Undergrad: 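Just passing along the structure, written as structure tokens.
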Amino acid sequence: MSIQNRFQPLLKQREQEHLYRRRPLVFSPQQPIMQINGIECINFSSNDYLGLANHPNIKQALLNSLNTEDDISYGSGAAHLVTGHHLHHHLLEDELADWLGVERTLLFSTGYMANLAVQQTLMQAGDTILADKLNHASLIDGAQLSAATVKRYPHLDMEALERRLKQAQAQNSQVMIVTDGVFSMDGDIAPLKTLQQLAQNYQAWLFVDDAHGIGTLGKQGKGCFEHFGLEPDENTIIVGTLGKAFGTSGAFVAGSETLIETLIQFARPYIYTTAMPQLNALAIREALKLVKNAEASREALQQNIKHFREGALKIGLNLWPSETAIQPIMLGKSETAVAWSEALKQAGFWVGAIRPPTVPKNQARLRVTLSASHTVEQIDQLLQALHNIQTRIGG
Ligand SMILES: *Cc1c(COP(=O)(O)O)cnc(C)c1O
């Protein structure tokens, strides 16, 4: 069978189910007002929570480095274990570890790869992975790459989790609890205090993907542990991503010396790939300085979240109980979500329609993401447009 004959019907079906995805073409820097597909619009769908993606300090750091005697090649040339591990990679790992108060961190080119690495490397046959049902796709894929048995528990259901912990204990099986810190499509925060307590009670390891908490939550933006006043213990594994609040790209795993050395020795998604360009590590080092000192931006972000929620609830939108920058408006059917998203585009607002398989069936939604760089006026304009669409199209 030809590729054409196999896949044309699947593409057609996807289109008929209102699930077809297209890549919007962006003609401007990442910022609140953008040119997307030739339309000028206010962007409410990126993860640039602190407005750092187009920050002048980061661009200046790159320019300075290129214009001075710093002798930096663009390409890293090889994997970290070969000849790709350059000075700025190394310094960045130390600075991230100091910032988070952990023994070590390890850089990856993307969060997706970091998440493929952790479970595959640490979890062996006979072990058990207990994963929240709404975990990010990269965590689900990472679990599948490991030899462990994978069981999912209902979203945030700590009693269900404890029952599974008891079962695993009875079978003498080493457990890793795997969860998003801030859930990427829902915006709610995992109950870390309970999770840490459960992990400690059952000698389980706790793996938290803090892609959306790093930079936005806690003092100095240290993420969801700091947000709850907790400290990661020796059996905690944290993944942070650098393409969201950091405004750059890449990711890191944070934890103990033994954890990091184990990943360096055995993690295939670490070993068999080229190191990110050193210039990117240099840009991330500059972003880290900004993130640490971004208390004013974090406060502005909280104010924007509060302002959006109050306005949206006043006009009767079906919000999710989220206190973070991710604010889903639940609409149910995929075609409704697409219709709202299209109508918003016509009105000059870019808000993504999130549909299955990214979210469960009949839970299609608009995913509004807020940034410290949005103005109150821009949020009010979005609320007005949502109100108009609600009256015209309905939910
Ligand atoms: C975005 C995201 C990732 C992937 O990170 P990338 O650096 O974009 O590959 C992983 N986990 C969660 C929860 C995310 O939202």
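When a ligand or atom number is given, it counts from 1 through the structure's own listing order. For clarity, every value in this text was computed on a predicted model and none was experimentally measured. Computed over heavy atoms, backbone and side chain alike; hydrogens, waters and symmetry mates excluded.
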Undergrad: Around atom 13 (C) of ligand 1, find the nearest protein heavy atom and jot down its residue, atom name and distance.
TA: D209 OD2, 3.2 Å
Undergrad: May I ask you to list the atoms of ligand 1 that are less than 4.0 angstrom from any heavy atom of N115?
TA: 10 (C), 11 (N)
Undergrad: Got more than 12 heavy atoms from elsewhere within 6.0 Å of NE2, H155?
TA: yes
Undergrad: If you count the atoms of ligand 1 from 1 in the order shown, which ones are under 4.0 Å from a heavy atom of S184?
TA: 15 (O)
Undergrad: Give a yes/no on ligand 1: does K244 have at least one heavy atom closer than 4.0 angstrom to it?
TA: yes
Undergrad: Of all the non-hydrogen atoms in the protein, which one sits nearest to atom 6 (P) of ligand 1, and at what distance?
TA: G111 N, 3.3 Å
Undergrad: Could you tell me, atom by atom, which parts of ligand 1 come under 4.0 Å of a heavy atom of H212?
TA: 14 (C), 15 (O)
Undergrad: Please say whether more than 12 non-hydrogen atoms of neighbouring residues, nucleotides or ligands are located less than 6.0 Å from NZ in K333.
TA: no
Undergrad: Tell me, which pairs form a side chain to side chain donor-acceptor pair (under 3.5 Å) where one or both residues lie in residues 108-124, sequence neighbours left out?
TA: Y112-D141, N115-S138, N115-D209
Undergrad: What protein heavy atom lies closest to atom 9 (O) of ligand 1? Include the residue and the distance to one decimal.
TA: Y112 N, 2.9 Å
Undergrad: Would you check whether A211 has a nitrogen or oxygen atom less than 3.5 angstrom from a nitrogen or oxygen atom of ligand 1?
TA: no
Undergrad: Near R21 CZ, under 6.0 Å, is it more than 12 heavy atoms from other residues, nucleotides or ligands?
TA: yes
Undergrad: Parallel, tilted or perpendicular: which describes the rings of Y270 and H80, with under 30° parallel and over 60° perpendicular?
TA: parallel
Undergrad: Atom CG of L11 and atom CD of Q4: how far apart are they, to the nearest 0.5 Å?
TA: 9.5 Å
Undergrad: Would you mind checking if E159 and R164 are paired as a salt bridge, meaning a charged N to carboxylate O distance below 4.0 Å?
TA: no
Undergrad: Just to check, does S138 reach to within less than 4.0 Å of ligand 1 when the distance is taken from its heavy atoms?
TA: yes
Undergrad: For ligand 1, does V239 get within less than 4.0 Å through its side chain, its backbone, both, or neither, judged by non-hydrogen atoms?
TA: neither
Undergrad: Can you list the ligand 1 atoms lying under 4.0 Å from a non-hydrogen atom of T110?
TA: 7 (O), 9 (O)
Undergrad: Among E299, H307, K306, find the one that has a side-chain hydrogen bond (donor to acceptor under 3.5 Å, both in side chains) with Q303.
TA: E299
